Amino acid sequence: MDMNQLAVNAIRVLSIDAIQKAKSGHPGTPLGAAPLAYELWAHHMSHNPANPKWINRDRFVLSAGHASMLEYALLYLFGYGLTMDDLQNFRQWESLTPGHPEFGHTKGVEATSGPLGQGIATAVGMALAEAHLAERFNREGFPIIDHYTYALAGDGCMMEGVSGEASSLAGALKLGKLIVFYDDNGISIEGDTSVAFTEDVSMRYRAYGWQVIEVNDGNDIRALSTAIKAAKREQSKPSLIHVRSKIGYGTPLAGLAKTHGEPLGAENITRTKETLEWPCEKDFEVPAELTAHMESLVKALGAVETHWNGMLTSYEKVHPDLYKLFMACHEEEAPDLSGDPAFWAFEGKAATRSTSGKVLNLLADRLPNLVGGSADLAPSNKSEMTSKTWLSPDDYSGSNIHFGVREFAMAAVCNGLAVHGGLRSYCATFFVFSDYLKPALRLSALMGLPVTYVLTHDSIGVGEDGPTHQPIEQLAALRATPNVAVFRPADGRETSASYLAALHRKGPSCIVATRQDLPSYENSGPVAMRGGYVLSDCEGDPALLLIASGSEVELIVEAQKRLAAEGIAARVVSMPCMELFEEQDDDYRASVLPRHVRARLAVEAGASQPWYRYVGLDGDTICLDHFGASAPAHLLFEAYGFTVDNVVARAKALVEAIQK
């Protein structure tokens, strides 16, 4: 048997063996797409299994993440460090082969995937990162950034809206080094895709501004190779290679929905191996001649990086300043900027969306690899880096990005920018529209990517735009998401603290900012990087703790003064970030919120749910557990009880109840 065909069948057989042993998984796509995957990895993709983090490697994203065994089989055969034991532990506890690919968990996996469509969008971000870095750093004779981004997608990916959003943007940006394979097998879980999906995908992608190449037989390796070469030659637009394959190829169940998401069964596996003329009798066995063949392929792949390393050494000598900047951009750890006085120079009243814009621009002048933009809201979000240019197909070196009204794709693209390496990404929209991008933010958290989400117009302070644009439950929803830090600063210095703390997190951060002006506080500043702190204390032991975030801190500061005049000692605690506060040690948290003080009142213009961990059974909240209304902001705050008078009244009632 031809060695390439043997390798293709090895991918198929290892996949179905692993899925059968796990008693769960998705064999259909690995069986159908194995020829494409092998041909790409063996003969077209520039990568080095000995160094999965090589800067100039081609990227591969399995957007159809349910077909994870396809990728694991590739990683095993190409020597990325997976063992046969790892394949045998597919989908098991603490294995390196989880049900869907996970970035940072398995070497060689470039992005967490599985939520369909997001892999394509992440790949768009990776391709955009390549274009941006190439424009900035490549010089004549030194193409130090010169690689492709590939994504393998299925019918489900093409049905999801995020793939359309991202593909539209990729076409507008003319990302010529992005190549997406559409594995069109015509089957989804419920059966033939024609029951709900009848559009001409190729025509849709042509309308997006993509080159479309048709391959009518997914087993025709020569046609696949020709298509990949043609896609790589087209540098002025992204390419979609539309591959028609048969799900579950080689099995008695080929072409049936049954092969999509369940093991084939022992008898069908035996018959499949017979059909494929597989030479090994045992499960999880690969012929020795194939192992030798793969070792020779891997050796040749490593030589490509060796050549690149030599070029980089010469680049350092010819362009020393650019080399130094290039390496600085690829440092994983952000610099500590908390000692820079510019970040704490805030006075007077200002909306935190405005102070956010100022801090963002301070960072832009200090972080050479900061890129980002807004979902067509930069003037409102104050999210433009004014010292930087705008990225476009004519000049990819710009750091400001026009994402258009595409919140979901914007966030997924920012994941791609971040996971590519060399860049720090942020994106911005109105806080209420965090609902549109939440699935991508969740993947930011799963991958541990330090993407910064700038979310402005944070409450009923939006006013006349009404309940459709006034966030209520969003703070609680984001705080409930693991590995997400949610910052709601009360003034400019807390805004700086939020951004500076976000720089050093291994996960996404949300900067939630106001439309309306807020005062500055004398005692705010770097201490806010601890998440919660005493902004204004009383004399002696407090009888009451007043806790708030963002715009409502102003209410509790004024209420403290009124209560003091009536002989009630209250401590004011600003809580810009619950997640950071929870990371502090017990002693610090107890010093801010003394355990013996049971009278606790939390004030926030959002859902009350997150605050009960701090007010306890005896405490109280002034929050919003209903939608807002269309009216001037000051009238809404008054109507819903966000006034100093109400805070004082509720505080007094709480103290009296506790003392009885």
Side-chain angles (χ1 to χ4, degrees), residues 6-42 45 47-50 52-53 57-115 119 150-154 181 183 247-250 259-264 269 272 276 278 280 282-286 290-291 294-295 297-298 301 446-447:
L6 188 64
V8 169
N9 288 343
I11 294 169
R12 290 167 163 156
V13 169
L14 290 173
S15 296
I16 61 177
D17 279 349
I19 291 165
Q20 181 67 22
K21 186 174 187 297
K23 299 181 181 178
S24 72
H26 299 75
T29 297
L31 287 164
L36 161 62
Y38 171 75
E39 175 62 19
L40 174 66
W41 280 52
M45 209 166 87
H47 60 120
N48 182 10
K53 293 298 183 182
R57 69 193 182 278
D58 287 345
R59 271 67 170 174
F60 174 80
V61 179
L62 184 64
S63 189
H66 56 276
S68 57
M69 261 314 303
L70 173 69
E71 185 161 15
Y72 299 146
L74 288 165
L75 293 171
Y76 168 75
L77 291 171
F78 280 87
Y80 272 84
L82 286 184
T83 66
M84 196 64 84
D85 284 344
D86 293 322
L87 301 190
Q88 292 178 10
N89 282 301
F90 177 56
R91 287 184 162 231
Q92 303 309 301
W93 173 250
E94 294 186 335
S95 79
L96 291 175
T97 50
H100 292 82
E102 296 180 21
F103 170 76
H105 184 75
T106 309
K107 286 182 180 179
V109 170
E110 298 282 8
T112 298
S113 62
Y150 301 96
L152 176 57
F181 301 95
D183 178 44
I247 193 169
Y249 174 84
T259 68
H260 172 83
E262 58 184 88
L264 298 177
I269 286 179
T272 300
L276 297 176
W278 185 243
C280 300
K282 296 180 181 179
D283 294 342
F284 296 102
E285 186 179 3
V286 172
L290 177 59
T291 300
M294 296 306 300
E295 287 174 351
L297 275 180
V298 170
L301 289 170
L446 274 168
M447 288 190 272

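Residues take their numbers from the sequence shown, with the count starting at 1. Since the model is a prediction, treat every value here as computed from it, not as a measurement. What's counted below: heavy atoms across the whole structure, side chains too, no hydrogens, waters or symmetry copies.
- For His66 (side chain) and Gly99 (main-chain N/O), no donor-acceptor pair under 3.5 Å exists by modelled atom type.
- Of the possible polar contacts, none joining the Asp183 side chain to the Ala33 backbone as a donor-acceptor pair under 3.5 Å is found.
- Atoms CG and CG, on Leu6 and Leu290 in that order, are 4.5 Å from each other to the nearest 0.5 Å.
- Side-chain contact check for Leu87 versus Met69: some heavy-atom pair is nearer than 4.5 Å.
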Stepwise, does the side chain to side chain contact (heavy atoms under 4.5 Å, CB included) test hold for Tyr76 with Val286? CA-CA 11 Å; Tyr76 168 75; Val286 172; 4.2 Å; yes
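- Summarising the geometry, atom CG belonging to Leu31 is positioned 9.0 Å from atom CD1 belonging to Ile247; distances are rounded to the nearest 0.5 Å.
- In this structure, Pro101 and Gly65 approach most closely via the heavy-atom pair CD-O, 3.2 Å.
- Panel note: side chain Thr106, backbone Leu96; a donor-acceptor pair is recorded below 3.5 Å.
- Of the possible polar contacts, none joining the Ser113 side chain to the Gly119 backbone as a donor-acceptor pair under 3.5 Å is found.
- Aromatic rings from His47 and Phe78 are positioned such that their centres are separated by under 6.0 Å.
- Put simply, the side chain of Tyr72 gets close to the backbone of Pro98: a donor and an acceptor are under 3.5 Å apart.
- Under the side chain to side chain donor-acceptor pair (under 3.5 Å) criterion, Glu262 pairs with Lys258, not counting sequence neighbours.
- Within the structure, salt bridge (charged side-chain N to carboxylate O under 4.0 Å, His left out) pairs that include any residue of residues 89-114 comprise Arg57-Glu110 (at least two apart or interchain).
- To the nearest 0.5 angstrom, Phe90 atom CZ is 12.0 Å from Asp17 atom CG.
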Side chain to side chain contact (heavy atoms under 4.5 Å, CB included) assessment of Leu77 paired with Leu297:
CA-CA 10 Å; Leu77 291 171; Leu297 275 180; over 6 Å; no
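- For His26, there are no side chain to side chain donor-acceptor pair (under 3.5 Å) partners at least two apart in sequence or on another chain.
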